[in-house]
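Every chain is numbered from 1, with letters handed out A, B, ... down the list of sequences.
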Amino acid sequence: MIDRPRFYLTTAIAYANSMPGVHTLYEVIGADAVARWHRMQGHETRFLTGTDEHSVNIAMRAAEEGRAPRDFVDEKVALFKAAEASLAISPDRFIRTTDPDHIASAQEMVRRAYANGDIYLGAYEGWYCPSEGFRNATDVQETPRGTICPNHPEVPLQWLTEKNWFFRLSAYQERLERWFEDHPDFVEPTYRKNEMLGFIRQGLEDFSISRAGSGWGIPFPILEDGASAQRPDGTWHPDAGTIYVWYDALINYVTGAGFPGDPESVATWWPADLHIIGKDILRFHSIFWPAMLWSAGLEAPRKVWAHGWLLAAGGERMSKSRGNFLDPGDFVRAFGTDGARYIALREVPFDRDAEVSWDGFVRRYNADLANDFGNLVNRTVSMANRYLAGERPDPRAEGTSVLGTSWSTTLAAVQGRFDRMLLHEVLAELWAFVGDANKVVEAEQPWVIVKAVKAGEEGAEARLRGVLGDLIEACRLVALAAAPVLPTVAPRILAQLGYAWAYGADGNGGPALLDELRWGAHAGEPGQLTAPEPLFPRLEVETADA
RNA sequence: GGCAGGGUAGCUCAGCGGCAGAGCAAGCGGCUCAUAAUCGCUAGGUCACAGGUUCGAAUCCUGUCCCUGCUACCA
């Protein structure tokens, strides 16, 4: 048990069938910023992300390359981990659905649902592609030659019936409606919640949770007669089939909390505070998932947040097959770890889709990071070095400083936006304050004051120290408040200002962030600034590529 | 088809009965601490289209045209 607030958040697990794109990592970047925001506040935080590795599709892709599925997904997982490392993503656990504890977890969830009477044998029917398995009715195409699957147009589809286990979702209809009513913030943004409510009210059907055969998946733990499918030698009976990939995938969130082997950990970490997911899988997370949990005697998560998407020019969804794929390697090489994170979270509202472009990214980087903030830190450090020999003066008292007054409203707004998951607005608030600081430099003109100091004018020295103290404090506060988004640059800024960095690489271990974010929190402590060093080198405008 | 959301400056968007706004991009000027930076000013709009309600409509109502999302087992 822990004695401080805990926060358990997850991303969706990424489907390990190809290399990651920036549009996929956007969700992880956002979740990482939220995780760091909680860690820096001193909350006991658990941030789970990972990969979804089973399914007929993945087995097929591996077979196309003549490789074993495990070998195939290992390679994809390495690509995801490398891309996340380059973006300073800091999961407390990177979970894979092929992990042994997850396999045990998914099987236990099936057993519990069975014991609760929520699982029964039925027949699943649909269009079956010999290469890809059952296909969604909306994905198949009618042609003169018959019904085909777009990925394998040469092979006619068969209408097949398969004996499967079904989950009694219909039994949870009323409870789900009540849950949505009693927890109006369960799904956000609100318009997404309304879509889900509409779906529930249409009437819920049971869904299949197993597939026949011992393919690439977690062995279904129960035989048709209800007996355990595990054989004396520990292997699983192939006749039991496998757990259908959705029933497998969602369960990673309880595995990550320690289910089922560590009840104390589950008591600490479940229910999750937040699942951050894409809008395309909201139904599974907000309707199927709570029902699955209730069936197993567990609580529903506290919040599901459906974020928007990065769209290419013309509003097209980004994907590798459309050729508008944005490679995370190019992205990080161009903008740096922190620049890439900032741009992604600033250019795309966290609650909506947005069209993005390489030119837009460059403009945003130059305007916000190189010019407004990077240059503010640079000119501030430079002036303190030049005019005060690098000694750090205190800021003026909050009530007597324009910036001190402005900061109190900024901080309140930042907190509110963070708590409502509006990460783009968090940054907009902070950068409005950066603009205030740049205006203060022009209004007070330290280079004029310093001449008055040299002329021995009374009060000039105090004025100079006051202005520079305010500017240094403004830089410290913005760096700290933006640290969840700029985790590697923030410590460098504090170092230039003569402050030690008190937090670990993942944001854990330092003083409570909200104390640090008080105007003048370190007044009276002597400090020495270092030589100025550009943080975000300005980029030349490039023509669109990537 | 049904339900929901949207169409406002070159770009991204805010405003949602009371003088059309912000940021970026563009042009001009100031300043020199700074990363060709920054500060100020300017320009830029049939608020998708047509009708209606109102003293007054980007905002409310009706219709039309576009765009997007949801409408169950690819994940």
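- OP1 or OP2 of A14(B) has at least one side-chain nitrogen or oxygen of Arg352(A) nearer than 4.0 Å.
- Only the P atoms considered, G23(B) is 26 Å distant from C49(B), to the nearest whole Å.
- Near RNA chain B, meaning a heavy atom under 4.0 Å from it, residues 242-251 of chain A has Tyr244(A), Val245(A), Trp246(A) in order of number.
- For the pair Phe373(A) and Arg192(A), both in contact range of RNA chain B, the more 5′-proximal nearest nucleotide belongs to Phe373(A).
- Nucleotides C60(B) and G1(B), compared at atom P, are 24 Å apart to the nearest Å.
- Listed by chain and residue number, Thr10(A), Trp289(A) satisfy the side chain to side chain donor-acceptor pair (under 3.5 Å) test with His275(A) (two or more places apart in sequence, or in another chain).
- The shortest distance between side-chain heavy atoms of Arg67(A) and Glu75(A) falls below 4.5 Å.
- Asp99(A) is linked by a salt bridge (Lys or Arg N to Asp or Glu O under 4.0 Å) to Arg93(A), counting only residues two or more places apart in sequence or in another chain.
- Side-chain atoms of Phe166(A) lie closest to C73(B) of the nucleotides A25(B), U35(B), C73(B).
- Base engagement by Gly374(A) is indicated by at least one non-hydrogen atom pair under 4.0 Å involving a base atom.
- For the pair Phe361(A) CZ and A25(B) P, the interatomic distance rounds to 17 Å; values are reported in whole Å.
- Remark: the separation of the C1' atoms in U71(B) and G63(B) is 26 Å, to the nearest Å.
- The side chain to side chain donor-acceptor pair (under 3.5 Å) search around Arg417(A) returns Glu425(A), Glu429(A), not counting sequence neighbours.
- Contact annotation for Gln202(A): backbone-only contact, meaning every heavy-atom pair under 4.0 Å involves sugar-phosphate atoms and none involves a base.
- Taking Trp431(A) as the reference, Tyr342(A), Phe373(A) meet the ring pair (Phe, Tyr, Trp, His ring centres under 6.0 Å) condition, with sequence neighbours excluded.
- Protein atom CG of Asp368(A) is 8 Å distant from nucleotide atom P of C24(B), rounded to whole Å.
- Here Gly278(A) lies out of heavy-atom contact (under 4.0 Å) with every strand.
- Using a 4.0 Å heavy-atom criterion, one finds that Leu282(A) contacts no nucleic acid atom at all.
- The C1' atoms of A26(B) and U62(B) are separated by 41 Å, rounded to the nearest whole Å.
- Rounded to a whole Å, the OH atom of Tyr365(A) is 17 Å from the C1' atom of C24(B).
- Contacts of Pro537(A) with the nucleic acid, taken as non-hydrogen atoms under 4.0 Å apart, include base atoms.
- Between the P atom of C70(B) and the CD1 atom of Ile281(A) lies a distance of 12 Å, rounded to the nearest Å.
- By the side chain to side chain donor-acceptor pair (under 3.5 Å) test, Thr337(A) pairs with no residue at all, sequence neighbours left out.
- Taking the six-membered ring for Trp and thresholds of 30 and 60 degrees, Trp246(A) and Phe284(A) have nearly parallel ring planes, at less than 30 degrees apart.
- Side-chain atoms of Arg379(A) and Asn438(A) form a donor-acceptor pair, as typed in the model, at a separation below 3.5 Å.
- Looking at residues two or more places apart in sequence or on another chain, you find no salt bridge (Lys or Arg N to Asp or Glu O under 4.0 Å) involving Glu174(A).
- For the pair Gln445(A) CD and C33(B) C1', the interatomic distance rounds to 11 Å; values are reported in whole Å.
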Could you list the donor-acceptor pairs under 3.5 angstrom formed by side chains in residues 196-208 of chain A, with sequence neighbours left out?
| residue | atom | partner | partner atom | Å |
| --- | --- | --- | --- | --- |
| Asp206(A) | OD1 | Leu169(A) | N | 3.1 |
| Asp206(A) | OD1 | Ser170(A) | N | 3.0 |
| Asp206(A) | OD1 | Ser170(A) | OG | 2.7 |
| Asp206(A) | OD2 | Tyr120(A) | OH | 2.5 |
| Ser208(A) | OG | Arg211(A) | NH1 | 3.1 |

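- Nucleic acid contact class of Leu204(A) (heavy atoms, under 4.0 Å, all strands): base.
- As rounded to whole Å, 18 Å separates atom P of C70(B) from atom NZ of Lys193(A).
- The separation between Leu422(A) atom CG and C13(B) atom P is 15 Å, rounded to whole Å.
- Once the 5.5 Å centre distance and the 30° plane angle are applied, the aromatic ring of Phe207(A) is found not to be stacked with the base of C73(B).
- The nucleotide whose nearest atom lies closest to any side-chain atom of Asn57(A) is, among A75(B), U35(B), C74(B), C74(B).
- The same atom, P, is picked in C24(B) and in C65(B); the two are 39 Å apart, to the nearest Å.
- Aromatic pair Phe361(A)/Tyr365(A): ring centres not closer than 6.0 Å.
- For Tyr387(A), taking side-chain heavy atoms from C-beta onward, the closest of the listed nucleotides U35(B), C33(B), C73(B) is C33(B).
- A donor and an acceptor atom sit less than 3.5 Å apart, one in the side chain of Ser208(A) and one in the base of C73(B).
- The residue Tyr124(A) sits close to a base: some heavy atom pair falls under 4.0 Å.
- Relative orientation of the Trp179(A) and Trp294(A) rings is perpendicular, given thresholds of 30° and 60° on the angle between their planes.
- Mapping Asp206(A) and Arg386(A) onto RNA chain B by nearest heavy atom places Arg386(A) closer to the 5' end of the strand.
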Pairs under 3.5 angstrom, nitrogen or oxygen only, protein versus nucleotides 38-40 of chain B, please.
| residue | atom | partner | partner atom | Å |
| --- | --- | --- | --- | --- |
| U38(B) | OP1 | Asn371(A) | ND2 | 3.4 |
| U38(B) | OP1 | Asp372(A) | OD1 | 3.2 |
| U38(B) | O2' | Arg379(A) | NH1 | 3.3 |
| U38(B) | O2' | Glu442(A) | OE2 | 2.6 |

Q: With pairs defined as Watson-Crick or G-U wobble and both distances under 3.5 angstrom, please note down RNA chain B as a dot-bracket string, | for pairing with another strand.
A: ((((((((.[[[[.)..(..]]]].(((((.......))))).....[[[[[..)....]]]]])))))))....
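- The CD atom of Glu429(A) sits 14 Å away from the P atom of G23(B) (whole-angstrom rounding).
- The ring pair (Phe, Tyr, Trp, His ring centres under 6.0 Å) search around His102(A) returns none, not counting sequence neighbours.
- Annotation: the span from Trp216(A) atom CH2 to Asn57(A) atom CG amounts to 14.0 Å, rounded to 0.5 Å.
- Between A22(B) and G17(B), the two C1' atoms lie 22 Å apart (nearest whole Å).
- As rounded to the nearest Å, U59(B) and G44(B) have P atoms that lie 24 Å from one another.
- Note on Tyr15(A): only backbone sugar-phosphate atoms sit closer than 4.0 angstrom, heavy atoms only; bases stay farther off.
- Annotation: side chain to side chain donor-acceptor pair (under 3.5 Å) contacts of Tyr387(A) (sequence neighbours excluded): none.
- Rounded to a whole angstrom, the distance from the P atom of C61(B) to that of A25(B) is 38 Å.
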